[in-house]
Amino acid sequence: DTGVSQNPRHKITKRGQNVTFRCDPISEHNRLYWYRQTLGQGPEFLTYFQNEAQLEKSRLLSDRFSAERPKGSFSTLEIQRTEQGDSAMYLCASSVSGTGGSGYTFGSGTRLTVV
Amino acid sequence: DQQVKQNSPSLSVQEGRISILNCDYTNSMFDYFLWYKKYPAEGPTFLISISSIKDKNEDGRFTVFLNKSAKHLSLHIVPSQPGDSAVYFCAAKPQAAGNKLTFGGGTRVLVKP
């Protein structure tokens, strides 16, 4: 297992377009998290899944954002009608439930630039 | 409302000396604290953690101290090495938060040879 994989690594899109990111977690990890990091800030929680169930969503996750984890394996994060304020690094992490934050493994992120 | 704050955005230290990174939190429900290290173009990696039942945890060159009454924790790196140059994030969680972490804004550490 090569860790948490995120694709694409970089995405440049025009304002108003839709984008979709993919995260492949470590195979035995049942929890999957999405975070967003803007320049000079720490990662901010967006949402997390336990298996295929989306258990929590941040109020940062507006109606334009949707995340899925259809079979409890990979996850996608879609942003509709992108805005310049959506420009950020989108980080995915996975863990086994009950391991505490030390069990998080982060991917390298997808950097989104909205022009 | 920033519940976890790292008030020093950057720190420069000479190789071999001690690096001290500070973190303050406001949420009394936080009872587990972690430090992550991040290199450019990589995701954060876990460094060290501490539970609120302890006031110190040590792992090799890294020691985390927790002062619950002051809602303050610090990370000490001794001795600092050039490979320690990175951004360090403090993070916290309550016991029943489903592992959701709240991060500070990070401190960029530069270790000069």
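Here the structure is a predicted model, which is why all the values come from computation and not from measurement. Each chain gets a letter, A, B and so on, in the order the sequences are listed, and its residues count up from 1. Heavy atoms only: backbone and side chains are in, while hydrogens, waters and symmetry mates are out.
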### Query
Between A/Tyr104 and B/Tyr36, does a side chain to side chain contact (heavy atoms under 4.5 Å, CB included) hold up when you go through it step by step?
CA-CA 10 Å; A/Tyr104 264 43; B/Tyr36 281 79; 3.3 Å; yes

### Query
Do any of residues 102-113 of chain B have a heavy atom less than 4.5 Å from a heavy atom of chain A, and if so, which, in residue order?
B/Phe103, B/Gly104, B/Gly105

### Message
How long is the straight-line distance from OH of A/Tyr33 back to NZ of B/Lys100, given to the nearest 0.5 Å?
### Response
11.5 Å

### Task
Answer yes if B/Phe62 and B/Phe33 sit in the same cluster of Ile, Leu, Val, Met, Phe, Trp and Tyr residues linked by side chain heavy atoms under 4.5 Å apart, and no otherwise.
yes

Kindly list each side-chain donor-acceptor pair under 3.5 angstrom involving residues 8-20 of chain A, sequence neighbours excluded, with atom names and distances?
| from | atom 1 | to | atom 2 | distance (Å) |
| --- | --- | --- | --- | --- |
| A/Arg9 | NH2 | B/Ala41 | O | 3.0 |
| A/Asn18 | OD1 | A/Arg81 | N | 2.8 |

### Message
One pair to check against side chain to side chain contact (heavy atoms under 4.5 Å, CB included): A/Gln37 and B/Phe89. What are the steps and the verdict?
### Response
CA-CA 12 Å; A/Gln37 185 180 9; B/Phe89 293 101; 3.2 Å; yes

### Task
Decide whether B/Leu66 and B/Trp35 are clustered together by the hydrophobic rule: side chain heavy atoms of Ile, Leu, Val, Met, Phe, Trp, Tyr closer than 4.5 Å, transitively.
yes

#### Entry: A/Leu77 reachable from A/Leu91 in the ILVMFWY side-chain graph, under 4.5 Å edges
no

### Message
Counting only heavy atoms from other residues, nucleotides and ligands, does the tally under 6.0 Å from CD of A/Glu68 exceed 12?
### Response
no

### Query
Are B/Leu73 and B/Val87 joined in one hydrophobic group, where the rule is that I, L, V, M, F, W and Y side chains link up if heavy atoms are under 4.5 Å apart?
no

### Query
Got a sec: does the CZ of B/Arg61 have more than 12 other heavy atoms crowding it under 6.0 Å?
yes

### Query
Counting heavy-atom pairs under 4.5 Å to chain B, which of A/Gly109, A/Pro43, A/Ser108 comes out on top?
A/Pro43

### Query
Hey, quick one: are A/Leu55 and A/Phe45 part of the same hydrophobic cluster, counting side-chain heavy atoms closer than 4.5 Å, chains of contacts allowed?
yes

### Interatomic distance, B/Glu42 atom CD to A/Phe106 atom CZ [nearest 0.5 angstrom]
13.5 Å

### Query
Of all of B/Ser49, B/Cys90, B/Pro44, which one pairs up most often with chain A through heavy atoms under 4.5 Å apart?
B/Pro44

#### Entry: Under 3.5 Å donor-acceptor, A/Tyr35 side chain and B/Leu101 backbone
yes

